[in-house]
Structure formats: C-alpha cells, structure tokens
Amino acid sequence: EVSITNSQFNSNSADAGGVNGARGGGIAISGIIGTPTVSIAGSSFTANSTGATGGAIAVFSATLNLDDVTFASNNADTDGGAIFALTAAVNADASTFTGNTSIEGGAVHMNTDAVGSFTGCTFDANIAGVDGRGGAIYALGTANTDPLGTIEITNTVFSNNESQGSGARGGAAYFTNGTTVGPAVVNVTNADFTSNSSGERGGAVYVLITQGVTMTGCTFDQNTAATDGGGVFLSSGGGGLFDGCTFTNNSADDDGGAFA
C-alpha cells in the first residue's frame with residue numbers, strides 16, 4: 001500500500017500520449033484488481049492536465065482511497081477532469097472537486113466496472129464541455145449486482161456544475177450502464193443538487209440505465225435544462241427509484257421543468 005499525506009500536486013501534465021493516450025496528469029495507478037491500494041489524505045491537486053484521461057489521477061485495476069483531498073482546476077482532454085477510473089475502486093470522503101473540466105465527467109469519470117463511494121463530498125463549478133456528459137460525474141456503472149459492485153453517493157453536494165453544448169446531458173451527473181449486460185447499480189442518498197445546468201437534457205441528472213439507479217432523500221433546486229428535464233431526465237429505457245426527493249424551482253425550456 002502507498003500512502004500520500006499533506007502533499008500538493010500542482011501544474012503537472014501527461015500530454016504526449018502513447019498507445020492508450022496520456023493518462024493521469026498528476027498520478028497514474030495501475031495494477032491487478034484490488035492491488036495496489038493508494039491512500040491520499042489532506043492533500044491537493046491543482047491545475048494538473050492530461051491529453052486523454054484523468055487530469056489529476058488515473059486509476060486502473062487498483063484501489064484509490066481519498067480523505068480530505070481537494071481537486072481544483074484540473075483538466076482532461078477526454079474523460080475525468082480530476083479522476084478517471086477503469087476496473088477500479090475509488091472511495092472518497094470529505095473531498096472537494098472545484099472547477100475541473102473534461103468531456104465526459106467534468107470532475108470524475110467512473111468507467112467500466114469502476115466501483116466505489118463518495119461520502120460528504122462537494123462538487124462545484126465543474127464542466128463537461130463540447131456536448132459533454134456529466135458536469136461533475138459520469139458513472140458507467142457495473143453489471144455486477146453484488147453489494148461490492150456499486151457506486152454509492154451519500155451526503156454530497158452538487159452545485160453550479162454544467163454540461164455544455166446542444167447535445168449535452170446531465171449538468172451534474174450522467175448515469176448509464178452503456179453496453180454492459182445487466183443492471184448498473186448506482187445509489188444516491190441525501191444528495192443536494194443546486195443550480196446545475198445542461199445544454200440539452202437533465203439539468204442536474206441524466207439517467208440511461210434500465211434499472212439499478214436509486215435516489216433517496218435528494219433535493220433538486222434551481223437546476224436548468226435547455227430542452228427537457230430541468231431536474232432529472234430519464235432517457236428511453238431509463239428507470240430507477242426516487243424516494244423522498246424534493247424538487248423546487250427547476251426549469252426546462254421544453255418538457256418537464258423538474259422531471260422528464
């Protein structure tokens with residue numbers, strides 16, 4: 001296991017690219033599933049960049065644990081302005097993501113079979129640009145319905161995030177199971193979505209999952225969509241459970257001011 005504490009990663013870059021493109025502007029982690037484990041606490045990643053995925057951190061077949069880590073103004077040219085994860089676990093506690101940018105997942109991109117949790121985190125003013133998906137987080141989910149095969153988001157704030165462009169979806173979050181077989185499992189509990197916006201659909205959240213999305217006790221306030229679903233947009237075939245959620249002052253230029 002590798003531990004990093006009270007450290008700063010500023011203005012690092014991985015831009016030249018290789019067979020798989022440049023990955024991890026600050027840190028690249030790769031291993032066999034479950035190992036290695038990298039734990040980072042009380043640290044910050046600022047203005048790091050990559051020509052492909054993971055502006056600050058890219059993690060593959062490994063576990064990344066974050067506690068009180070700040071990600072600000074990082075950029076990835078494709079996916080995961082701050083973090084990109086593939087067949088990996090990411091567990092973030094009390095961490096902040098501000099002003100990060102990419103195309104899919106302005107702050108975080110959880111790709112195939114990436115699992116983990118975000119607890120007590122803040123996502124503010126992150127951007128998915130050029131017909132982007134998920135201003136703050138893009139979660140592809142996993143076909144694994146085992147309790148370990150989930151993405152859990154709890155007591156987390158999403159504010160002022162944006163997906164830009166006429167084909168943009170999910171101002172704060174884009175949840176999908178892509179081409180995987182079976183349901184993706186994404187659970188969101190007591191999250192606050194405020195003043196997020198999308199250039200097309202799903203001002204706060206865009207759902208493209210046939211089953212497996214559960215949102216409990218969430219609030220949606222002042223989110224906007226240029227076309228449909230100011231708060232939440234369920235795509236054709238999308239579904240899930242929304243329990244005890246509150247929608248106020250959301251708006252859409254076309255259909256479903258709060259929900260479509």
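In this structure a side-chain-to-backbone donor-acceptor pair under 3.5 Å is present from T50 to A14. Formation of a donor-acceptor pair under 3.5 Å by the S197 side chain with backbone atoms of E162 is not found in this model. The backbone N or O of I40 lies less than 3.5 Å from no partner atom in the side chain of N65, so there is not a single donor-acceptor pair. Judged by distance alone, the side chain of S198 and the main-chain N or O of G171 form no donor-acceptor pair under 3.5 Å.
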Donor-acceptor contacts, no H, no angles, side chain residues 4-12, under 3.5 Å, sequence neighbours left out:
| residue | atom | partner | partner atom | Å |
| --- | --- | --- | --- | --- |
| S7 | OG | T5 | O | 2.9 |
| N12 | ND2 | N10 | O | 3.4 |
| N12 | ND2 | N48 | OD1 | 3.0 |

Give every donor-acceptor pair under 3.5 Å between a side-chain atom in residues 122-130 and any protein atom, sequence neighbours left out.
| residue | atom | partner | partner atom | Å |
| --- | --- | --- | --- | --- |
| D124 | OD1 | S159 | OG | 2.7 |
| D124 | OD1 | N160 | ND2 | 2.9 |
| N126 | OD1 | G99 | N | 3.4 |
| N126 | OD1 | N100 | N | 2.9 |
| N126 | OD1 | N100 | ND2 | 3.0 |
| N126 | ND2 | F97 | O | 3.0 |
| N126 | ND2 | D124 | O | 3.4 |
| N126 | ND2 | N161 | OD1 | 3.0 |

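Looking at N187 and E152, their side chains do bring a donor and an acceptor atom within 3.5 Å of each other. When only modelled atom types and interatomic distance are considered, N91 and S117 share a side-chain donor-acceptor pair under 3.5 Å.
In terms of hydrophobic clustering, with Ile, Leu, Val, Met, Phe, Trp and Tyr side chains grouped at heavy-atom distances under 4.5 Å, I137 and I103 are assigned to different clusters. Hydrophobic clustering (ILVMFWY, side-chain heavy atoms < 4.5 Å, transitive): Y174 and L140 are in one cluster. With hydrophobic clusters built from ILVMFWY side chains whose heavy atoms lie under 4.5 angstrom apart, V157 does not share a cluster with I83. Taking hydrophobic clusters as Ile, Leu, Val, Met, Phe, Trp and Tyr residues chained together by side-chain heavy-atom distances below 4.5 Å, V2 shares a cluster with I57.
By the side chain to side chain contact (heavy atoms under 4.5 Å, CB included) test, D77 is found to be paired with N75, residues two or more places apart in sequence or in another chain being considered. Judged as a salt bridge (Lys or Arg N to Asp or Glu O under 4.0 Å), and not counting sequence neighbours, E104 has no contacts. Remark: A85 engages V59, A88, V90, M110, A114 in a side chain to side chain contact (heavy atoms under 4.5 Å, CB included) (not counting sequence neighbours). Applying the side-chain hydrogen bond (donor to acceptor under 3.5 Å, both in side chains) criterion to Y206, with sequence neighbours excluded, gives R169, S235. Every residue meeting the ring-ring contact (aromatic ring centres under 6.0 Å, His included) condition with F220, not counting sequence neighbours, appears here in chain and number order: F193, F247. S13 meets the side chain to side chain contact (heavy atoms under 4.5 Å, CB included) test with D15, S49; sequence neighbours excluded. Residues meeting the ring-ring contact (aromatic ring centres under 6.0 Å, His included) test with F84, sequence neighbours left out: F60, H109.
Pairs engaging residues 221-232 under the salt bridge (charged side-chain N to carboxylate O under 4.0 Å, His left out) rule: R201-D228 [sequence neighbours left out]. The side chain to side chain donor-acceptor pair (under 3.5 Å) pairs that include a residue from residues 250-260 are N223-N250, where partners are two or more places apart or lie in different chains. The list of salt bridge (charged side-chain N to carboxylate O under 4.0 Å, His left out) pairs with a residue in residues 51-76, not counting sequence neighbours, is empty.
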(message) Before you tell me yes or no, could you show the steps for F175 and V205 under side-chain contact (heavy atoms from CB on, under 4.5 Å), namely the whole-Å CA-CA distance, both residues' side-chain angles and the distance that decides it to 0.1 Å?
(response) CA-CA 8 Å; F175 299 135; V205 176; 3.9 Å; yes
(request) Could you walk me through whether V232 and F242 pass the side-chain contact (heavy atoms from CB on, under 4.5 Å) test, one step at a time? (result) CA-CA 10 Å; V232 175; F242 295 80; 4.0 Å; yes
(request) For the pair F45 and T70, evaluate side-chain contact (heavy atoms from CB on, under 4.5 Å) and give the outcome as yes or no after the intermediate values. (result) CA-CA 6 Å; F45 292 78; T70 298; over 6 Å; no
(request) Check step by step if side-chain contact (heavy atoms from CB on, under 4.5 Å) holds for T96 and F71. (result) CA-CA 6 Å; T96 302; F71 296 88; over 6 Å; no
(request) Could you walk me through whether D79 and T53 pass side chain to side chain donor-acceptor pair (under 3.5 Å), step by step? (result) CA-CA 5 Å; D79 305 328; T53 59; over 6 Å; no
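Note that OG of S39 and CG of L66 are 8.5 Å apart. Values are rounded to the nearest 0.5 Å. In this structure, CG on L208 lies 4.0 Å from OG1 on T176, to the nearest 0.5 angstrom. If you take OG on S163 and OH on Y138, they are separated by 13.0 Å, rounding to the nearest 0.5 Å. For the atom pair Q222 CD and T248 OG1, the distance stands at 7.0 Å (nearest 0.5 Å).
Residue A225 comes nearest to G203 through the heavy atom pair CB-N, 3.7 Å, listed as atom of the first residue, atom of the second, then distance. Between N74 and A82, the shortest heavy-atom contact is CB-CA, 4.3 Å. Residues G54 and A76 share a closest heavy-atom pair of N-CB, 3.8 Å. Closest of all the heavy-atom pairs between A226 and G199 is CB-O, 3.1 Å. When every heavy atom of S102 is checked against every heavy atom of G80, the shortest pair comes out as OG-N, 3.4 Å. Considering all non-hydrogen atoms of both residues, G31 and S61 come closest at O-CB, 2.5 Å.
Taking the centre of each ring, F233 and F259 stay at or above the 6.0 Å mark.
In this structure the side chain of F158 reaches within 4.5 angstrom of the side chain of I153, judged on heavy atoms.
Each of D243, V186, T189, L241 was compared with T214 under the side chain to side chain contact (heavy atoms under 4.5 Å, CB included) criterion, and only L241 meets it.
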